[in-house]
Amino acid sequence: MIAIEPSVLSADFTRLGEQVREGEAARIEGFQVDVMDGRFVPNITFGPGVVRALRSLVSGILDVHLMIVEPERYLADFADAGADRLMVHQEATVHLHRVLQQIRELGAESAVAINPSTPLCVLEQVLDLTDVIQVMTVNPGFGGQPFIHSQVDKIRRLREMLDERGLDISIAVDGGIDPTTAPLVVQAGATILVAGSSIYNSKASVAENVAALRESVARAEGG
């Protein structure tokens with residue numbers, strides 16, 4: 001099954017709780033919380049307090065995407081706040097192997113995100129410690145960016161690499177995901193779709209936007 005995780009970065013912050021409840025009502029599988037530090041990416045967003053507040057509203061996966069340098073300094077704080085999955089960027093930590101071990105020791109799912117310019121080879125030595133790999137199809141830092149189509153081939157090659165090794169690692173895709181691009185990444189091998197502005201917008205309700213995304217995925221799967 002393809003999981004859909006709305007990114008709360010694109011939600012209306014004045015109605016954040018309400019918008020999360022709308023996602024819950026649409027039966028999404030989880031939410032991704034983009035944590036930015038103004039150093040790894042040119043933006044500043046949420047801290048553990050927001051994650052803690054969302055925990056009481058989210059019944060599915062609470063996926064915390066740490067777009068921060070030295071994420072190892074904050075893993076325990078976000079785990080204590082209620083994160084089910086902690087995602088770090090390969091580019092943002094010197095000791096990725098150790099960080100993934102720390103995430104597992106905290107009882108959370110371990111995840112690695114890689115930027116569009118980052119090759120897959122950097123992941124080969126940490127696959128045994130990884131539950132989810134997220135391919136960024138935009139450069140991280142802001143919501144609403146256009147999808148980078150060259151990353152579809154990267155997703156396909158990642159799926160082939162995991163299948164050849166018999167590894168049960170989910171592939172998430174984040175950036176520019178909408179009913180047009182979702183089929184492309186699902187056909188390439190993605191199993192988790194992180195969508196922001198295509199779910200939280202003024203064009204339609206959250207439920208309608210989630211339904212449109214699911215319909216596009218069903219067509220891609222031949223359903």
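Note: hydrogens, waters and symmetry copies are ignored here, and every other heavy atom, side chains too, is used. Index from 1, following the sequence.
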Donor-acceptor pair between [X] and [Y] side chains, under 3.5 angstrom:
X      : Y      : answer
Ser59  : Glu24  : yes
Gln134 : Asp174 : yes
Asn115 : Ser117 : no
Gln90  : Thr118 : no

When rounded to the nearest 0.5 angstrom, what is the spacing between [atom1] in [X] and [atom2] in [Y]?
X      : Y      : atom1 : atom2 : answer
Arg165 : Leu127 : CZ    : CG    : 5.5 Å
Lys203 : Ser197 : NZ    : OG    : 8.0 Å
Leu9   : Phe46  : CG    : CZ    : 6.0 Å

Exercise for the section: Could you walk me through whether Leu54 and Leu16 pass side-chain contact (heavy atoms from CB on, under 4.5 Å), step by step? Expected result: CA-CA 9 Å; Leu54 292 176; Leu16 185 55; 4.2 Å; yes

Is [Y] reachable from [X] through a run of hydrophobic residues whose side-chain heavy atoms are each under 4.5 Å from the next?
X      : Y      : result
Ile169 : Leu120 : yes
Leu162 : Leu193 : yes
Val58  : Leu86  : yes

State whether the side chain of [X] and the backbone N or O of [Y] hold a donor-acceptor pair below 3.5 Å, judged by distance alone.
X      : Y      : result
Lys154 : Pro116 : yes
Ser216 : Leu213 : yes
Ser170 : Val132 : no
Thr137 : Ile148 : no
Gln145 : Asn139 : yes
Thr93  : Glu70  : no
Asn43  : Met36  : no
Glu164 : Met161 : no
Ser110 : Leu129 : yes

Exercise for the section: Show the numbers, then the answer: is there a side-chain contact (heavy atoms from CB on, under 4.5 Å) between Val206 and Asn209? Expected result: CA-CA 5 Å; Val206 170; Asn209 289 330; 5.8 Å; no

Can you tell if the side chain of [X] reaches within under 4.5 Å of the side chain of [Y], non-hydrogen atoms only?
X      : Y      : value
Ile192 : Ile171 : no
Glu72  : Arg98  : no
Gln32  : Val8   : no
Val33  : Phe78  : no
Gln102 : His95  : no
Arg159 : Thr191 : yes
Met87  : Met67  : no
Ile103 : Val88  : yes

The criterion is side-chain hydrogen bond (donor to acceptor under 3.5 Å, both in side chains); which residues satisfy it with [X], sequence neighbours excluded?
X      : answer
Glu5   : Arg85
Arg21  : none
Arg156 : none
Ser56  : none

Practice task
Among Thr14, Asp12, Ile199, find the residue that satisfies the side chain to side chain contact (heavy atoms under 4.5 Å, CB included) test when tested with Gln19.
Solution key: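 Of the listed options, the one satisfying the test is Asp12.
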
Could you pull out the closest heavy-atom pair between [X] and [Y], with the gap in Å?
X      : Y      : value
Leu106 : Ala76  : CD1-N, 3.8 Å
Gly176 : Thr181 : O-OG1, 2.7 Å
Tyr74  : Ile68  : CD1-CD1, 3.7 Å
Ala108 : Ala83  : CB-O, 4.3 Å

Handout entry: Where at least one partner belongs to residues 27-39, residue pairs that pass salt bridge (charged side-chain N to carboxylate O under 4.0 Å, His left out), sequence neighbours excluded
Key =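 Of all non-adjacent pairs touching residues 27-39, those that pass salt bridge (charged side-chain N to carboxylate O under 4.0 Å, His left out) are Glu29-Arg214.
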
Handout entry: For Asp80, all residues meeting salt bridge (Lys or Arg N to Asp or Glu O under 4.0 Å), sequence neighbours excluded
Key =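 Result, salt bridge (Lys or Arg N to Asp or Glu O under 4.0 Å) vs Asp80: none returned.
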
Exercise for the section: Take Val138 and Phe147 through the side-chain contact (heavy atoms from CB on, under 4.5 Å) test and state the conclusion after the steps. Expected result: CA-CA 6 Å; Val138 298; Phe147 181 85; 5.7 Å; no

Exercise for the section: Carefully, step by step, assess Asp131 and Arg104 under the rule side-chain contact (heavy atoms from CB on, under 4.5 Å). Expected result: CA-CA 10 Å; Asp131 298 305; Arg104 290 268 181 94; 3.2 Å; yes

Problem - Salt bridge present between Arg55 and Asp84 (N-O < 4.0 angstrom) - result: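 Here Arg55 pairs with Asp84 in a salt bridge, since their nearest N and O are under 4.0 Å apart.
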
Problem - Neighbour count above 12 (heavy atom, 6.0 Å) for Arg15 CZ - result: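 Atom CZ in Arg15 is crowded, with more than 12 foreign heavy atoms closer than 6.0 Å.
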
